[in-house]
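Working notes, beginning with the structure itself.
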Protein chains: 2
Amino acid sequence: MAKKIVHSKEDVLNTEAKIKQAAQAVFMRKGYAATRTRVIAEESGINLALINYYFRSKENLFNLVMLDCMKGFIGGLKQILNREDLSLEEKLGEIVAHYLSMFKSQPDLPLFILHEIRHNPNGIVNTLGMKQTLTKSHFYQQLKAEGPPKIDPMHFLMNIIALTVFPFIASPLFKIVGDLDDANYMKMMNDRKKLIPIWMKQMLQK
Amino acid sequence: MAKKIVHSKEDVLNTEAKIKQAAQAVFMRKGYAATRTRVIAEESGINLALINYYFRSKENLFNLVMLDCMKGFIGGLKQILNREDLSLEEKLGEIVAHYLSMFKSQPDLPLFILHEIRHNPNGIVNTLGMKQTLTKSHFYQQLKAEGPPKIDPMHFLMNIIALTVFPFIASPLFKIVGDLDDANYMKMMNDRKKLIPIWMKQMLQK
DNA sequence: GTCTATAATTCGATAGAC
DNA sequence: GTCTATCGAATTATAGAC
């Protein structure tokens, strides 16, 4: 675990970090099979042979990148779920806002992760303790404290994630159907920060 | 390899149809870049060279398959949206049931299409008249007839599709989180046939 | 650590016999 | 229409000089 401490100057990355950064961008944009190591080399400004020197193989590099992506995807969620200063409804708003900003800078991230989960369900996903992250969270306690459940917590979880994530996954489709440009679409996504908590709270009522 | 011994349904198809059928299965399972034409040849039981004889190139074959998939995906929806014997709420139930049975036999279909839309937004999607399919449907008239909109029709559309499709896309994830086997998960999906229309109707109220 | 050159393999596509 | 055999290009990975 002994690693060089990276200072806040982001322009000065070592070779290994440069490769990893570029690899994440290319893998996310093109997927594993369509990614060429030559493109990673070009975008990171390093020599092609150095990819294998630092990471042994394309597959190994991909696994490291994917692990980082999943940790980032879940880590932020975990923090919100466990904030004890927020009500259930406030947490829902925070979750939507969190993924809003995340997908704004990384629009290909959700499909990238969902594709990996589907084609390798017994891979990295299981090692992340997804289940305990949820069931041992402050959020889960709040949900149970709502009294006798008007809605199956599993359905509730599906719905909050579906309403938040899916409009980003299918954004090209909805832009066409709704005749929306990027600015108008982002405005709609911002509106959902307030709307989704309202809809979700309605599901808790009978 | 003995091929013509068993007379199953696939043997009555001509060569072109055999290739197309196998190609759809492989493309959907692996994606375009990870698909090998040799695998298509094996799974369809035909000679490798015949793929190029009938379809000129792998890319051309893919475009035909993708067009079929999208037509199937949208065609069924279009029929439901225009059924004049169903109320708004009944239509919602039919939509969920429709995609439930579709994804049961083709679990990779939604991600396959969403990936194509994202990486080629100006391709096939625009030629299908997605926008008019919706805005000129009987469903859309019913939605407007609900009176002054309590919810933006675009948000309403996003939500019904998100609640229906996303649980299938992310099924491997939810199975892990909820400790569910295939049977239990399908039971949950069946429950959503009744639940989603209820949730959607709540969104229409203030 | 970084580079050039190349090995080793795989893939899409085609030529030509039948 | 279908087959065998193979080409040519592209890709990952490595050997070896510096």
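To find a chain, count down the sequence lines: A is the first, B the second, and so on, and within it residues start at 1. Being a predicted model, the structure only gives us computed values, none of them experimental.
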Practice task
Examine the side chains of B/Asn60 and B/Asn63 and answer whether a donor and an acceptor come within less than 3.5 Å of each other.
Solution key: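 Note: B/Asn60 and B/Asn63 side chains miss the donor-acceptor criterion.
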Problem - Atom pair distance, as rounded to whole Å: CG in A/Asn47 and P in D/dT12 - result: 14 Å
So [Y] and [X], do their side chains get closer than 4.5 Å, heavy atoms only?
| X | Y | result |
| --- | --- | --- |
| A/Trp199 | A/Asn159 | no |
| A/Met70 | A/Ile113 | yes |
| A/Val165 | A/Ile169 | yes |
| A/Phe139 | A/Leu88 | yes |

Problem - Any A/Asn52 side-chain N or O less than 4.0 Å from OP1/OP2 of D/dT12 - result: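 Answer no for this pair, as no side-chain N or O of A/Asn52 is under 4.0 Å from OP1 or OP2.
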Exercise for the section: Mind listing the residues from residues 29-46 of chain A sitting with a heavy atom below 4.0 Å of DNA chain C? Number order is fine. Expected result: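 Per residue number, the list is empty: none.
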Practice task
Using a 4.0 Å heavy-atom cut-off across all strands, classify A/Phe55 as base, sugar-phosphate, or nothing.
Solution key: nothing
Practice task
Remember a base hit wins even if backbone is also touched, and classify B/Leu48 as base, sugar-phosphate or nothing at under 4.0 Å, heavy atoms.
Solution key: base
Practice task
Provide the start and end nucleotides, 5' to 3', of the part of DNA chain C that has atoms under 4.0 Å from heavy atoms of chain B.
Solution key: C/dC11 to C/dT14
Handout entry: B/Leu81 to B/Ser137 - nearest heavy-atom pair and separation
Key =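 For B/Leu81 versus B/Ser137, the nearest heavy atoms are CB-CB, 3.9 Å.
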Completion exercise
Closest to the 5' end of DNA chain D, once B/Leu50 and A/Lys58 are matched to their nearest nucleotides, is B/Leu50
Problem - Mutual orientation of the aromatic rings belonging to A/Phe62 and A/Phe27 [parallel < 30°, tilted 30-60°, perpendicular > 60°] - result: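 The rings of A/Phe62 and A/Phe27 stand perpendicular, inter-plane angle above 60°.
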Completion exercise
Applying salt bridge (charged side-chain N to carboxylate O under 4.0 Å, His left out) to B/Glu43 and not counting sequence neighbours gives B/Arg29
